[in-house]
Structure formats: C-alpha cells, structure tokens
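Numbers here are sequence positions counted from 1.
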Amino acid sequence: MFERGWFWVIAFDNNKLSSNPLCSVGLTLDERRYPKPTDISPEEDFYRHAARFPDVARQYEGAKPAREWVSTPRLQYSSSHTVGDRWCLLAHAAGFIDPLFSRGLSNTAEAVNSLSWRLIRAVKDDDFSAERFEYVDRLQQRLLDHNDELVNAAFISWCDYDLWTAVFRAWASGTNAGSYRLSKAITEFAKDGRDEHFMALEEPPHLGLYWPDHDGFAKFFESMVSQCDLVEQDMLSPRQAADNIYTQLREADFVPKHFGFAERGQRFINPTPMRFIKTVRWAMREGDPKLRGLIINNAKEALKARVKGQKLY
C-alpha cells in the first residue's frame, strides 16, 4: 500500500495440491491523484508505479503475462435497485467499490442467505413481486455504503502508517465479532436444525456493518470514518486521528483485549491459544455482555474441535 493506491498478488499455487502456476496481479489507484493516462499502455502504467518501490519492482522481475494487460477507468458503480419483479442482482452485478477488503465473497454470501429462503417461499406461493425481496435490496445497498466508507477511510489513511494501523484494527475488530455472530447461529442450528437461528440475524439496527447489531461498534465505526474525513479536509493531523481511534479501541469494552486490536505496540494480530485464553478471561470479567456471549460460544466450539482433533477456522 502507498499513498492513494495499492498492489496485490494472489497466488493460485499456495497449496501442495495446487496445479495452477499463475497468480493474479493488480493495482488500484485513486483517480483523483493518478488520472488514467492515455498515452501509455496498461503494462507500462503498471510498471511505472511498481518502479517507485524497489521491493515491489523486484517482485515482478521476470514475470510473464498469461494474457493481455487490461485497465479500466473508475471502478465504483452501484445499481439504484437490485431487486424487481422476478429478478435480482447479486454482489458485483449489484455494485462494486474496490477489492481492498475482499468484500465480494462475503457480500455475496449475505445476499444469497437472505434471498434463498424468500425465493423458496416465492416459488411455493407463485409470487415473485419485488415487495417480497425488499430486504435483499436494502441489505445490499447498506453493504455497499459501509464498504464505501471503509475503503475511503483506508485510502485516506495511507498518508500515515500509524493512521492506517488504526483503521485496520477498527475493521478487524468488527469483522472478528461479526464472524463470531455467524458462528453462534451455526452452532445453535446444529443443535436443533431450526432455520430461525439464521432468520434472527436479519433486521439488525445497523444493517450492512460487519457487526450490525451492536450500537457501540456502530458509533465507533462512524467515528473512525469521521476522523479520516477530517484528515482529508486538513482539519486534523493523521497522528491526532490515529491517537483518537486508538484511544477508543483501548477504552471500548466491546473490543477484545489481548488479541492485539487495542494493543498499539503489538505489530501482528496473532490469536495464539494463550492469548485466546487471556481474552476469554477478560471477556468474563470486563467485556461487553454481547461480546462475552460471542467469545464464550466460540471458545466452547474451539475446545470441542480440539478434543476431536479438528481445525476450527
């Protein structure tokens, strides 16, 4: 990552059973800072930016394209409506922001989860009117809105490493809790097979957020976005914004301690078994009640998996 842009390399042979030697290579830029050139090829434009960073340039030495290089103008787009009578747009057909946080897969999963049971009922009733799928549209629009806010905050934060680490931790802490929320529903479903556990996830107060049913996290996310907006407007220094976000991370009882989210000096978020035990102890004594329930449930399932010799992802 660099100021207003980022590279990616996604290997397709990162497993001993993989047979594809190719990898995905890309670069996205803020077009306000880097207007799309018209006098050079996409390949030349890519290597022009790569040459600015010796480590990046070395990584691409000797690379051979498997197909023609392509580039595009502005990536962002969204549909004003994602559902209608007998049709529905999902994921990247509905809208797209930037692949930075890989939201495509999770957005698709959330949309399919909310669409599937409604579609089954629509088939039974022979009624595919748009009104029955209003929630699917509202969900997808809010997912796009929040991802837009997050990606914009990230692009702004790359002017200062300390601010970027704060934005990253704000995202990671919410994603962590949101994953636990889904895991809990799966655990309850495994016990009795009732779909209500999944349907209960719908209509949260902060639709589209990673942790959509927690008021404290919603306010924190909004504050993080606002801090970055102030930096963008030159009304706050990046260091001040980072300090403010870290203060909120440290003081919030809904941000797990010991994982590394709130510990500014911890450079890597690596939840080892011992750190997880410390986090569980903290949650029992000091953690937010809603977070406590999620962590305890996940800890129980992790223990069961360990006893059975399974891996828990």
Side-chain angles (χ1 to χ4, degrees), residues 82-83 88-91 94 101-125 127-128 131-144 146-147 171-218 221 254-256 259 261 271 273 276-277 279-280 282-284 287-313:
T82 65
V83 301
C88 179
L89 301 176
L90 294 178
F101 289 94
S102 299
R103 289 292 293 174
L105 184 59
S106 59
N107 284 6
T108 301
E110 288 196 56
V112 169
N113 184 55
S114 63
L115 173 66
S116 57
W117 70 267
R118 289 177 170 83
L119 193 57
I120 292 171
R121 291 188 180 182
V123 170
K124 291 179 180 179
D125 299 338
D127 177 8
F128 297 88
E131 292 77 11
R132 300 188 66 143
F133 302 96
E134 180 275 335
Y135 175 80
V136 182
D137 178 69
R138 188 154 39 93
L139 169 65
Q140 295 198 103
Q141 299 292 0
R142 295 305 292 151
L143 287 169
L144 282 169
H146 287 307
N147 192 34
W171 162 75
S173 64
T175 300
N176 188 67
S179 299
Y180 285 173
R181 177 173 176 263
L182 299 178
S183 296
K184 186 176 182 180
I186 293 173
T187 299
E188 296 302 319
F189 175 78
K191 294 178 182 177
D192 57 26
R194 295 171 54 208
D195 291 341
E196 287 80 0
H197 300 299
F198 299 120
M199 293 183 182
L201 298 176
E202 295 195 356
E203 299 291 358
H206 309 287
L207 192 63
L209 272 181
Y210 315 98
W211 193 6
D213 58 354
H214 197 284
D215 294 340
F217 175 74
F221 181 85
F254 54 82
V255 176
F259 259 39
F261 299 132
F276 195 80
I277 290 173
T279 299
V280 171
W282 167 83
M284 293 289 291
D288 170 83
K290 187 168 287 188
L291 176 69
R292 183 185 309 138
L294 296 177
I295 288 180
I296 298 305
N297 175 79
N298 193 72
K300 289 180 179 178
E301 293 307 306
L303 182 59
K304 289 179 183 178
R306 187 178 182 122
V307 170
K308 294 179 181 179
Q310 301 171 342
K311 289 183 179 180
L312 186 68
Y313 295 98

**Item:** Check: Leu89 and Val83 side chains under 4.5 Å, non-hydrogen atoms
**Value:** no
Interatomic distance, OG@Ser173 vs CZ@Phe221, rounded to 0.5 Å, equals 10.5 Å
For the pair Lys290 (side chain) and Asp213 (backbone), establish whether a donor and an acceptor sit closer than 3.5 Å, ignoring hydrogens and angles. yes
Under the 3.5 angstrom rule, does the side chain of Asn107 hit a backbone N or O of Ala91 as a donor-acceptor pair? no
When rounded to the nearest 0.5 Å, the distance separating OG of Ser106 from CG of Leu143 is 7.5 Å
| field | N/O donor-acceptor pair under 3.5 Å between Arg118 side chain and Tyr135 backbone | value | no
Note, Asp195 side chain near Trp117 side chain (heavy atom, < 4.5 Å): no
Dump the intermediate steps for side chain to side chain contact (heavy atoms under 4.5 Å, CB included) on Trp211 and Leu294, then the final yes or no. CA-CA 11 Å; Trp211 193 6; Leu294 296 177; 3.9 Å; yes
Rounded to the nearest 0.5 angstrom, the CD-CD distance for Glu110 and Glu202 is 10.0 Å
Shortest non-hydrogen pair, His146 vs Tyr210, comes out as O-OH, 4.3 Å
One should read off an interatomic distance between Phe217 CZ and Phe254 CZ, to the nearest 0.5 angstrom, of 7.5 Å
Is there side-chain contact between Phe259 and Phe276, with heavy atoms separated by less than 4.5 Å? yes
Taken to the nearest 0.5 Å, the spacing of Thr175 OG1 from Arg103 CZ works out to 6.5 Å
**Item:** Within-4.5 Å side-chain heavy-atom neighbours: Asp288 and His214
**Value:** yes
Taken to the nearest 0.5 Å, the spacing of Phe198 CZ from Ser116 OG works out to 10.0 Å
### Message
Any heavy-atom pair between the side chains of Leu291 and Ile295 that's under 4.5 Å?
### Response
yes
When every non-hydrogen atom of Ala94 is compared with those of Thr82, the smallest separation belongs to CB-CG2, 3.6 Å
What do the steps show when you test Arg132 against Arg121 for side chain to side chain contact (heavy atoms under 4.5 Å, CB included), and what is the final call?
CA-CA 10 Å; Arg132 300 188 66 143; Arg121 291 188 180 182; 3.7 Å; yes
query = Just by modelled atom types, is the Asp127 backbone N or O under 3.5 Å from a matching donor or acceptor in the Asp125 side chain?
reply = no
What one should report as the nearest heavy-atom pair of Pro204 and Arg181 is CB-NH2, 4.1 Å
Heavy-atom nearest pair, Leu119 first then Phe128, reads CD1-CE2, 4.0 Å
Tell me, do Met199 and Arg194 make a side-chain contact under 4.5 Å, heavy atoms counted?
no
Scanning both residues in full, the closest heavy-atom pair of Phe261 with Ala172 reads CE2-CB, 3.7 Å
Between Gln141 and Leu207, is any pair of side-chain heavy atoms under 4.5 Å apart? no
- Query: Can you check whether Glu203 reaches Pro212 side chain to side chain, under 4.5 Å on heavy atoms?
  - Reply: no
Stepwise salt bridge (charged side-chain N to carboxylate O under 4.0 Å, His left out) check, Arg138 with Glu134
CA-CA 6 Å; Arg138 188 154 39 93; Glu134 180 275 335; 2.7 Å; yes
Taken in chain and number order and not counting sequence neighbours, the residues that satisfy side chain to side chain contact (heavy atoms under 4.5 Å, CB included) with His206 are Leu209, Asp215, Ala218
### Task
Give a yes or no on whether the backbone of Ala111 and the side-chain of Gln140 come within a donor-acceptor separation of less than 3.5 Å.
no
